[in-house]
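Counting starts at 1 for both ligands and their atoms, in listed order. Model, not experiment: these values are computed from the prediction.
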Amino acid sequence: MNFFDPHIHITSRTTDDLEAMAKAGVRAVIEPAFWLGQPRTSVGSFIDYFSSLVGWERFRCAQFGIAHYCAIGLNSKEANNMALARQVLEVVPHFALKEGVVAIGEIGYDEITEAEDKAYRAQLEIARELDMVVMVHTPHRDKKAGTLRSIEVAREHGIPMHKLVVDHNNEETVRDVLDAGAWAAFTIYPHTKMGSQRMTELVRQYGPERIIVDSSADWGVSDPLAVPKTARLMRESGIAAAAVEQVSWTNALAAYGQSGQIDLDALARPPAIDQRLTYSDNSVLRGQAPQIDAGVPN
Ligand SMILES: [Zn+2]
């Protein structure tokens, strides 16, 4: 079975992770632009980061047979540095139009400040003008109020609900998001918040329609195999295979496929890895014999 992890910060993960993900069936990922732990101090840092999302990280994933897409945006936390935020917002539209970019994201609220609100609204405008999907990060505190407000503001800016993916949901918010007509994504964390067991119960209760499972694995304690592990638990718990496939593959493809950036036929075929390739003269290999799959042209 193929899996799509539509929210994972590949920049923070190792090649061991990429190998394990490919082995577990993760065929495609989306890497949304986010906060790196260390606050950035200049717009150049954002430009280089966005460039790596559409460049090096995409290449790195391909070297392990994983199709890499990304979302471009100014995260809510760094939106609070308003002088810098203004400069970052100027470069977002340029990167949003690059190959492999499937959404504006992850954007939204963290502490629900005025600066966050301003950056969120500015980026909703960019998404509306470019007719793009929006990936929303909902705050971990004040979850329900923050989620409702995220949807309300997106609606105010004319984002069609079928182009809105609201992430980091839980039992408290799922009904509101589904009723609004948006996609409801769930981040599965190994120890806190949503776990695989709770996710299984949610799918049992709400069904698979417009529900998406992701790992949001980053530089913290998180699990890049959260999607395949949750899918396995769902199957073992008696959730129908078709429903499991919907929440761990089809729905994310439908939501982000609206970008026109995802080649569904290519994803349906097994990957053809050619580790002889380099990116700006860089390779993922350290002296190993490169993997060259059958079907790769010589
Ligand atoms: Zn994230």
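Between Asp131 and Lys163 there is a salt bridge, with a side-chain nitrogen of the basic residue lying less than 4.0 Å from a carboxylate oxygen of the acidic one. A salt bridge is defined here as a Lys NZ or Arg NE, NH1 or NH2 lying under 4.0 Å from an Asp or Glu carboxylate O, and Arg204 with Glu201 meets this definition. Between Arg141 and Glu111 there is a salt bridge, since at least one side-chain N of the basic residue sits less than 4.0 Å from a carboxylate O of the acidic one.
Qualifying salt bridge (charged side-chain N to carboxylate O under 4.0 Å, His left out) partners for Lys144, counting only residues two or more places apart in sequence or in other chains: Asp176.
With a cut-off of 2.8 Å, the protein N/O/S atoms near the Zn ion (ligand 1) add up to 3.
For the atom pair Tyr279 OH and Trp56 CH2, the distance stands at 9.0 Å (nearest 0.5 Å).
For the residue pair Asp223 / Ser215, no side-chain donor-acceptor distance below 3.5 Å is found, with atom types taken as modelled.
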